[in-house]
Amino acid sequence: MSAAITFATMRRILAQLKHDHRTLALLVGVPTLLMVLLRYVFDQPVLFDRIGPMLLGLFPFTVMFVVASIATLRERTSGTLERLMTMPLAKLDLLTGYALAFGLLALVQVAVVLAISLTWLGLDLHGSLGSLILVALLDALLGMALGLLASAFARTEFQAVQFMPALVLPQLLLCGLIYPREKMASWLQAIADVLPLSYAVEGMQQISATPDFTGTLALDVAVIAAFTVTSLVLGAITLRRRTA
Amino acid sequence: MSSSPVNQEPAVRVRDLRVARGGREVLHGLTFDIPRGEIAGLIGPSGCGKTTLIRALVGVQIVAGGTVTVLGAPAGSSALRRRVGYATQSPAVYADLTVAENLRYFASVLRAPRSDADRVIDEVGLGRNRGQTAATLSGGQLSRLNLAVALLGSPELIVLDEPTVGLDPVLRQELWELFRDLADGGATLVVSSHVMDEARRTDRLLMMREGAVLADGTPEELRSRTRTSDLEAAFLRLINEKAGSPA
């Protein structure tokens with residue numbers, strides 16, 4: 001691995017996004033819009049205080065999943081991946097470059113949504129701001145890593161877009177946001193226990209409930225980080241220097 | 001024993017190369033050498049296996065058998081990744097980046113000098129399009145940008161798949177002059193084309209058909225061997241000879 005190539009890759013991805021104003025606007029604007037809608041749909045500060053932080057973890061996850069899977073699919077189909085694979089670039093240089101670029105982007109996204117939630121929308125955060133940003137950022141990186149991995153199994157952009165509902169919506173149903181996990185049937189709980197989004201939502205629940213960095217939260221952070229690293233390594237394995 | 005064996009090693013040495021794609025053998029045991037400092041033309045109709053052969057030379061093709069040695073090392077080995085430049089037929093550049101941004105990125109991946117981006121922009125004549133997004137380039141400009149990437153870092157072997165498709169005659173002439181300059185500077189070039197007219201500008205021709213090498217030699221040799229005055233006729237005669245001979 002080379003730090004110079006990794007940073008060059010990060011700068012290249014950011015430059016691509018810089019040219020695409022509409023995508024940038026959507027990346028920051030859509031989660032903000034959803035948060036505003038959520039606030040006024042519930043119209044009850046207590047409920048918003050409980051659900052708001054959970055969604056703050058979900059938005060970056062979902063958005064990064066879609067953006068990362070399309071971006072890497074484009075890299076595969078346009079031939080730039082094959083070109084890079086003939087050059088002295090380690091697979092982890094490429095993936096780390098993506099992680100850094102999308103991580104920075106997620107940071108901006110979370111900062112804007114959080115700023116609007118805490119001021120205009122009057123979100124009352126019981127937990128620490130630092131933990132919230134940490135978990136939101138990890139969620140974004142998890143979404144990115146899963147998106148990178150999913151793109152290896154998509155031949156076309158049509159398929160890649162379908163992976164979002166296929167991989168994200170079941171997790172959304174099972175993660176405890178819509179219905180408490182402990183009240184689900186035991187086989188559903190067992191499935192939820194191995195899905196990363198369950199830990200993302202549980203982490204946010206901890207943060208919205210207490211200012212302490214609880215043991216449960218530490219475990220959630222560790223599980224999300226482990227899922228992210230595993231997906232990135234699996235993603236690296238799917239990048240082949242030689243193809244048929 | 002005075003001459004060093006390194007210099008005698010050809011730029012490309014292919015022995016009994018077999019490649020299968022989609023369960024079908026598409027290259028049937030190719031064997032040839034390309035000496036250093038030459039422009040080798042890979043000529044043959046569309047679908048004859050040129051692109052597959054080129055992919056095997058740069059080491060991105062899974063091969064079924066045989067050996068491909070490039071600059072003394074197995075094709076695709078990590079030692080070669082800064083010494084071989086490669087341009088695919090369809091432009092492999094970032095459509096949403098400018099010409100200069102594309103070249104600066106690939107230059108930093110190759111750890112080429114910073115000035116290299118500007119050098120190759122001038123070499124392919126894209127100076128006026130430097131700040132233009134690749135998506136807004138014309139087809140010919142895009143293929144020149146694609147070519148420029150392959151020239152970054154001054155590679156010893158430059159492998160180009162149909163680099164002159166869609167270019168007007170003046171530009172095509174200029175690019176062949178550039179290829180000649182690069183070869184005079186010591187680089188080896190492998191250039192594929194389906195246009196016979198380009199074959200006469202090469203030092204060595206590999207005529208391919210249906211996954212096999214029909215003929216391998218200088219344009220002059222091929223013309224005299226087939227007793228024809230132009231290469232198109234030579235190609236046809238070689239096909240007929242092969243069809244007529246008991247296999």
Side-chain angles (χ1 to χ4, degrees), chain A residues 1-27 67 70-98 100-102 105 155 157 238-244, chain B residues 19-24 26 52 54-64 70 75-98 100-112 133-136 146 149-150 152-153 155 157 159 161:
Chain A
M1 260 192 90
S2 139
I5 295 178
T6 303
F7 281 112
T9 303
M10 177 196 80
R11 277 198 305 275
R12 184 264 294 174
I13 296 161
L14 291 176
Q16 285 179 283
L17 286 164
K18 210 174 76 188
H19 285 290
D20 190 351
H21 298 141
R22 197 171 299 176
T23 293
L24 276 183
L26 286 168
L27 277 173
V67 176
I70 299 286
T72 39
L73 183 70
R74 270 168 55 188
E75 192 105 56
R76 286 173 203 272
T77 51
S78 70
T80 48
L81 181 67
E82 179 175 299
R83 174 161 244 161
L84 288 174
M85 288 291 106
T86 67
M87 292 184 175
L89 164 133
K91 295 169 189 171
L92 276 179
D93 289 334
L94 184 67
L95 294 179
T96 315
Y98 267 101
L100 288 175
F102 285 129
L105 203 62
R155 291 267 173 279
E157 297 194 0
T238 66
L239 301 177
R240 298 263 174 217
R241 291 216 190 251
R242 278 180 194 270
T243 53
Chain B
V19 174
R21 298 188 80 180
R24 205 170 60 87
V26 292
T52 305
I54 276 180
R55 284 170 46 83
L57 294 185
V58 296
V60 297
Q61 175 68 51
I62 295 173
V63 303
V70 171
S77 55
S78 60
L80 292 175
R81 289 194 191 126
R82 295 174 65 186
R83 300 169 67 198
V84 177
Y86 168 43
T88 46
Q89 191 174 343
S90 58
V93 294
Y94 297 99
D96 40 10
L97 292 184
T98 66
E101 284 170 338
N102 263 295
L103 291 167
R104 278 202 300 266
Y105 172 57
F106 286 116
S108 48
V109 171
L110 290 163
R111 294 188 198 111
T133 310
T136 65
N146 191 42
V149 179
L152 287 168
L157 175 69
V159 184
D161 198 359

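In what follows, every chain begins at residue 1, and chains take the letters A, B, ... in the order their sequences are listed.
- Distance check: A:Gln16 CD to B:Thr133 OG1 gives 11.5 Å after rounding to the nearest 0.5 Å.
- The structure places CZ of B:Arg104 at 9.5 Å from CZ of A:Arg11, a figure rounded to the nearest 0.5 Å.
- For residues 79-97 of chain A, the set of pairs meeting the salt bridge (Lys or Arg N to Asp or Glu O under 4.0 Å) definition, not counting sequence neighbours, comprises A:Glu82-B:Arg55.
- Only the side chain of B:Tyr105 comes within less than 4.5 Å of a heavy atom of chain A; its backbone N, CA, C and O stay farther away.
- For chain A, the nearby parts of B:Val149 are the backbone and the side chain; heavy atoms of each come within less than 4.5 Å.
- For B:Arg82, the side-chain contact (heavy atoms from CB on, under 4.5 Å) partners two or more places apart in sequence, or in a different chain, are A:Pro88, B:Arg111.
- In terms of non-hydrogen atom pairs under 4.5 Å with chain B, the most contact-rich of A:Asp20, A:Leu89, A:Thr9, A:Leu81 is A:Thr9.
- Neither the backbone nor the side chain of B:Ala95 comes within less than 4.5 Å of any heavy atom of chain A.
- Neither the backbone nor the side chain of B:Ala20 has a heavy atom closer than 4.5 Å to any heavy atom of chain A.
- Both the backbone and the side chain of A:Ala8 come within less than 4.5 Å of a heavy atom of chain B.
- Between A:Ile5 and B:Val109 the shortest heavy-atom distance is CD1-O, 3.5 Å.
- Interface summary for chain A: among B:Val63, B:Leu80, B:Leu110, the most heavy-atom pairs under 4.5 angstrom belong to B:Leu110.
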Quiz item: A:Met87 and B:Leu152: side chain to side chain contact (heavy atoms under 4.5 Å, CB included), yes or no, with the steps?
Solution: CA-CA 11 Å; A:Met87 292 184 175; B:Leu152 287 168; 5.8 Å; no

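- The shortest distance between side-chain heavy atoms of A:Thr86 and B:Val60 falls below 4.5 Å.
- Residue B:Ser108 touches chain A through both its backbone and its side chain, counting heavy-atom pairs closer than 4.5 Å.
- Using modelled atom types, one side-chain atom of A:Arg242 and one backbone atom of B:Gln61 make a donor-acceptor pair closer than 3.5 Å.
- Of the atoms belonging to A:Arg240, not a single heavy atom falls under 4.5 Å from chain B.
- Rounded to the nearest 0.5 Å, atoms NZ (A:Lys18) and CG (B:Asp96) are 12.5 Å apart.
- Nearest heavy-atom pair across B:Ile62 and A:Ala244 is CD1-N, 3.7 Å.
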